[in-house]
Amino acid sequence: MEMTPRERVLAAMRREELDRPPVAVFTQSATIGQMKALNIFWPEAHSNAKMMCDLGAGQAKILGFEAVRSSFCLTAEAERLGCAVDPGKQDRTPMLKKHPFKFDPMGGEYDEPNLMSPEEFIQGGRPAVVIEATKLMKEKYGKEYAVIAGNTGPFTLAGHLVSTENLVFGIMMDPDKVKQWINAVNPIVKTYCQALSDAGADIIQMSEPSASTDLLDPKTFTEYSGNYVKSSLAATEGSDTVLHICGDTSMILNYMIDTGVTGLSIEEKVDSVKAVKTVNRRAALVGNVGVVKPLLQGTPEDCEAAGRRVAEAGFNVVSPGCGLSALIPDDNLRALVRGVKGQ
């Protein structure tokens, strides 16, 4: 009997042997093509649960991917906690404009992390919209498709509040202050993860881009990110969990596995064959198709070949290696799907 897309994705999370891997967008999935097809557009869809639900299902209903996903950016949590946010445009996700808290390792000046309670956090702002969109998505699409809910990792969120540059500099100058901030946000992250699971998400996909090896020394990953991911994301009950980190994560794959998450989402900067060998089925591997090359700048033939490459390497889920640019052509995304499904 033919598997449903939902069954295939969830079986892939369990690292089961399949005739082919599923193909799904685990990170930001919306594009201009989907917006036009559905008549649902950014920035309005960032703050409207019904719009978010239906646009987040566009990857499946319009393009043939095998999952649906709520939320389109990494600013919802930061905005709820006081960051000024530019809402973005039709072709651009929201961006942080100002960090609301002082964190100055050079001058030794720091604000205390007096944040709202985790319970208050999930009751309002855009996090509440994402939770509601996830509920709607589960009701409307959950029988056929796995529901993915996206959120922001603890080290990244702390950096949003005090400036990532200052936070990274603080690891050298005043590590206790850095940990004070990560410890302050992590209960909020944990509660949000569980709220998304309770809303019906089959998979929580956390993006922790600031823990990239471009910013954080691999030797300090566990101390400043991994341990917190373990106690927030990986501790979520009722959902599979996927940790996404940008860049070349070759040096931290084992540390990412040590967090206890179900799966790892990684970019094309990591050699696909080496990644499969390193991970050795200890976690589900997701991703590895480049979002710039081939998806944004390549041809459909390039994208189809990339899908086959990642599938043949042994990834559990073939997916774009990072969030989609809204400008990626529909034809390239359909070609990626075709390269994996063979249809």
Side-chain angles (χ1 to χ4, degrees), residues 12-15 26-27 74 148 150-160 164-165 167-172 175-190 192-193 203-236 239-288 310 313-317 319-323:
M13 289 292 98
R14 296 189 297 267
R15 282 100 74 196
F26 270 52
T27 49
L74 299 181
I148 304 168
N151 66 356
T152 306
F155 186 74
T156 300
L157 180 56
H160 285 173
T164 301
E165 182 180 359
L167 199 69
V168 171
F169 194 49
I171 290 174
M172 296 180 286
D176 287 343
K177 286 293 184 182
V178 173
K179 290 176 182 176
Q180 181 185 22
W181 270 95
I182 309 172
N183 278 311
V185 302
N186 206 46
I188 290 172
V189 174
K190 178 180 175 67
Y192 189 33
C193 285
I203 300 164
I204 311 297
Q205 182 270 305
M206 174 184 283
S207 293
E208 181 75 310
S210 297
S212 153
T213 55
D214 293 335
L215 293 172
L216 199 58
D217 187 319
K219 295 177 182 178
T220 63
F221 171 82
T222 299
E223 184 176 2
Y224 291 97
S225 176
N227 286 338
Y228 297 96
V229 171
K230 184 174 186 175
S231 63
S232 57
L233 175 64
T236 305
S239 298
D240 288 322
T241 54
V242 173
L243 175 61
H244 172 81
I245 297 181
C246 302
D248 184 354
T249 50
S250 301
M251 292 179 287
I252 59 171
L253 288 176
N254 286 316
Y255 301 143
M256 292 170 71
I257 293 169
D258 288 344
T259 64
V261 295
T262 314
L264 314 180
S265 170
I266 61 176
E267 288 190 357
E268 74 285 354
K269 292 179 182 178
V270 184
D271 181 272
S272 55
V273 173
K274 290 181 180 178
V276 170
K277 183 176 181 180
T278 298
V279 173
N280 193 25
R281 302 185 64 81
R282 291 176 291 160
L285 269 174
V286 178
N288 208 238
V310 176
F315 268 59
N316 301 93
V317 181
S319 179
C322 198

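Only heavy atoms go into these numbers, but all of them, side chains included; no hydrogens, no water, no symmetry mates. Since this is a predicted model, take the numbers as computed values, not measurements. Residue numbers count from 1 along this sequence.
When all heavy atoms of Ala313 and Val276 are compared, the pair lying nearest together is O-CG2, 3.2 Å. Scanning both residues, Thr27 and Gln205, for their nearest heavy atoms gives CA-OE1, 3.6 Å. Nearest heavy-atom pair, Ala283 versus Gly263, reported as atom, atom and distance to 0.1 Å: CB-CA, 4.3 Å. In this structure, Asn151 and Leu74 approach most closely via the heavy-atom pair O-CD2, 3.8 Å. Here the closest non-hydrogen pair linking Ala275 and Val270 is CB-CG1, 3.8 Å. In plain terms, the two heavy atoms of Gly321 and Glu267 that are nearest each other are O-CG, 3.2 Å.
Not one N or O on the side chain of Thr241 forms a donor-acceptor pair closer than 3.5 Å with the backbone of Ile204.
With sequence neighbours excluded, no residue forms a salt bridge (charged side-chain N to carboxylate O under 4.0 Å, His left out) with Lys269. Judged as a side chain to side chain contact (heavy atoms under 4.5 Å, CB included), and not counting sequence neighbours, the contacts of Asn254 are Ile257, Thr278, Arg282. By the salt bridge (charged side-chain N to carboxylate O under 4.0 Å, His left out) test, Lys177 is found to be paired with Glu112, residues two or more places apart in sequence or in another chain being considered. Residues satisfying the salt bridge (charged side-chain N to carboxylate O under 4.0 Å, His left out) criterion with Glu223, sequence neighbours excluded, are Lys179.
In this structure, the separation between OG1 on Thr220 and CE on Met172 is 10.5 Å, given to the nearest 0.5 Å. Of the inter-residue distances, the one linking Asn288 atom CG with Ile266 atom CD1 reads 5.5 Å to the nearest 0.5 angstrom. Note: Asp214 CG to Thr249 OG1 = 10.5 Å, rounded to the nearest 0.5 Å. A distance of 6.5 Å separates OG in Ser319 from CZ in Phe26, rounded to the nearest 0.5 Å. Separation of atoms CG (Leu216) and CD (Glu208) is listed at 8.5 Å; rounding is to 0.5 Å. Distance check, rounded to the nearest 0.5 Å: CH2 of Trp181 to CG of Leu157 gives 9.5 Å.
Between Met256 and Val261, the closest side-chain pair of non-hydrogen atoms is not below 4.5 Å. Contact check for Thr156 versus Ser207: no side-chain heavy atoms found under the 4.5 Å cut-off. With contacts defined as side-chain heavy-atom distances shorter than 4.5 Å, the pair Asp240/Arg14 does not qualify. In this structure, the side chains of Phe155 and Val189 stay at 4.5 Å or more apart for every pair of heavy atoms. The shortest distance between side-chain heavy atoms of Leu285 and Val310 does not fall below 4.5 Å. Residues Ser225 and Tyr255 fail the side-chain proximity criterion, which asks for heavy atoms closer than 4.5 Å. Between His244 and Cys322 there is a side-chain heavy-atom pair separated by less than 4.5 Å.
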Mind listing the side-chain donor-acceptor pairs of residues 227-235 below 3.5 Å, one per line with the distance, residues two or more places apart or on another chain?
{"unit_1": "Asn227", "atom_1": "ND2", "unit_2": "Thr222", "atom_2": "O", "d": "3.3"}
{"unit_1": "Ser231", "atom_1": "OG", "unit_2": "Asn186", "atom_2": "ND2", "d": "2.9"}
{"unit_1": "Ser231", "atom_1": "OG", "unit_2": "Asn227", "atom_2": "O", "d": "3.4"}
{"unit_1": "Ser231", "atom_1": "OG", "unit_2": "Tyr228", "atom_2": "O", "d": "3.1"}
{"unit_1": "Ser232", "atom_1": "OG", "unit_2": "Asn186", "atom_2": "OD1", "d": "3.4"}
{"unit_1": "Ser232", "atom_1": "OG", "unit_2": "Tyr228", "atom_2": "O", "d": "2.7"}

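Listed by first then second residue, pairs satisfying salt bridge (Lys or Arg N to Asp or Glu O under 4.0 Å) with a partner in residues 243-266 number zero, not counting sequence neighbours.
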